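Heavy-atom basis, side chains included; hydrogens, waters and symmetry copies ignored. Residues take their numbers from the sequence shown, with the count starting at 1. The structure displayed is predicted, hence computed values, not measured ones.
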Amino acid sequence: ACAPSRRYPEPMYAAAARALAARGWQVVLLGGAGEERASAERIARAARAPLFSLAGETSFAELVAAIALAPLLVANNSGPAHVAAAVGTPVVDLYALTNPQHTPWQVPSRVLAHDVPCRGCAKSVCPESHHLCLRGIHPQQVVDAVESLWTETAPPISTHRRAPQSPLLA
């Protein structure tokens, strides 16, 4: 599970999911069992939008397969973001600056962060209690990053496949 200091706030995830759904995206929530499942349920309720949650419903192999099949992933800077990079899925990385080091590589991405004086604190829980390195990322920035990344990476319309519209939030 992702450290609390590296989790995008649930109300902001919900606002981003609601805005994406309003633009015609099918949003799927991913995560593990326990707290991640409970968090996904709270996000889904708060989003007040049609979305699906697979949180706590998949094995690791199924999670990897879901990410590989997705047109793009929106995630905290955690395991799923790195899985997306490994399987070639474009990723919008919500990047807390607690330990700036690894961002997705060799895959199209947008890394969203809000610079703060306490960057690099390396703490699992925000020692300042403000969580500004992620709270400073407005949900509209997430939506804009998704749409920009989709514009950059979408398959040509002339292919036999329909354009996928299912970003995953993990």
Side-chain angles (χ1 to χ4, degrees), residues 1-3 6-10 12-33 36-37 39-41 43-44 47 49-114 133-134 137-170:
C2 186
R6 292 177 27 207
R7 291 186 200 137
Y8 193 56
E10 290 174 9
M12 298 175 84
Y13 251 133
R18 182 173 42 255
L20 287 166
R23 286 173 172 74
W25 291 85
Q26 176 59 65
V27 177
V28 179
L29 302 176
L30 296 173
E36 289 183 10
R37 178 187 293 204
S39 178
E41 289 170 1
I43 290 167
L51 53 85
F52 296 100
S53 177
L54 296 176
E57 302 295 327
T58 62
S59 66
F60 181 71
E62 291 166 333
L63 173 79
V64 172
I67 292 171
L69 291 171
L72 60 91
L73 175 77
V74 176
N76 297 309
N77 190 41
S78 59
H82 302 296
V83 167
V87 299
T89 298
V91 60
V92 174
D93 190 346
L94 304 173
Y95 197 80
L97 297 173
T98 57
N99 188 11
Q101 54 180 322
H102 303 293
T103 58
W105 63 94
Q106 297 186 349
V107 66
S109 64
R110 300 291 184 272
V111 177
L112 302 181
H114 179 75
C133 58
L134 288 172
I137 303 169
H138 192 276
Q140 186 60 49
Q141 290 176 273
V142 176
V143 172
D144 293 344
V146 165
E147 292 182 341
S148 169
L149 191 55
W150 177 248
T151 298
E152 176 185 316
T153 62
I157 292 178
S158 63
T159 65
H160 67 282
R161 293 177 39 199
R162 293 176 50 124
Q165 295 281 313
S166 299
L168 299 177
L169 302 180

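Atom OH of residue Tyr8 and atom CG of residue Asn76 lie 10.0 Å apart, to the nearest 0.5 angstrom. Interatomic distance, CG of Leu20 versus CG of Leu51, reported as 10.0 Å (0.5 Å rounding). Distance CG/Asp144 to CG/Leu112: 9.5 Å, rounded to 0.5 Å. Residue Arg7 holds its CZ atom at 16.0 Å from CE of Met12, rounded to the nearest 0.5 Å.
Every pair passing side-chain hydrogen bond (donor to acceptor under 3.5 Å, both in side chains) that includes a residue from residues 55-66 is listed here, sequence neighbours excluded: Arg37-Glu57, Ser59-Glu62.
Using a 4.5 Å heavy-atom threshold, the side chains of Leu149 and Ser109 count as separate.
Counting all heavy atoms, side chain and backbone alike, Pro71 lies closest to Pro90 at O-CD, 3.4 Å. When all heavy atoms of Ala21 and Pro50 are compared, the pair lying nearest together is CB-O, 4.3 Å. Of all the heavy atoms in Ala84 and Val107, the pair that sits closest is O-CG2, 4.4 Å.
Between the side chain of Asp93 and the backbone N or O of Asn77 there is at least one donor-acceptor pair closer than 3.5 Å.
Here Thr151 pairs with nothing under the side chain to side chain donor-acceptor pair (under 3.5 Å) rule; sequence neighbours left out. Partners of Ser39 according to the side chain to side chain donor-acceptor pair (under 3.5 Å) rule, which considers only residues two or more places apart in sequence or in another chain, are Glu10. Residues meeting the side chain to side chain contact (heavy atoms under 4.5 Å, CB included) test with Ala40, sequence neighbours left out: Leu29, Ser53, Ala55. Taking the salt bridge (Lys or Arg N to Asp or Glu O under 4.0 Å) definition, one finds that Glu147 meets it with Arg23, sequence neighbours left out. A search for salt bridge (Lys or Arg N to Asp or Glu O under 4.0 Å) contacts involving Arg110 returns Glu152, not counting sequence neighbours.
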Inset, instruction - Could you give me the CA-CA distance, side-chain angles and deciding distance for Ile67 and Leu30, then say whether side-chain contact (heavy atoms from CB on, under 4.5 Å) is met? - result: CA-CA 9 Å; Ile67 292 171; Leu30 296 173; 3.9 Å; yes
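For the side chain to side chain contact (heavy atoms under 4.5 Å, CB included) with Val74, the qualifying choice from Leu94, Val91, Val143, Val27 is Leu94, the only one to do so.
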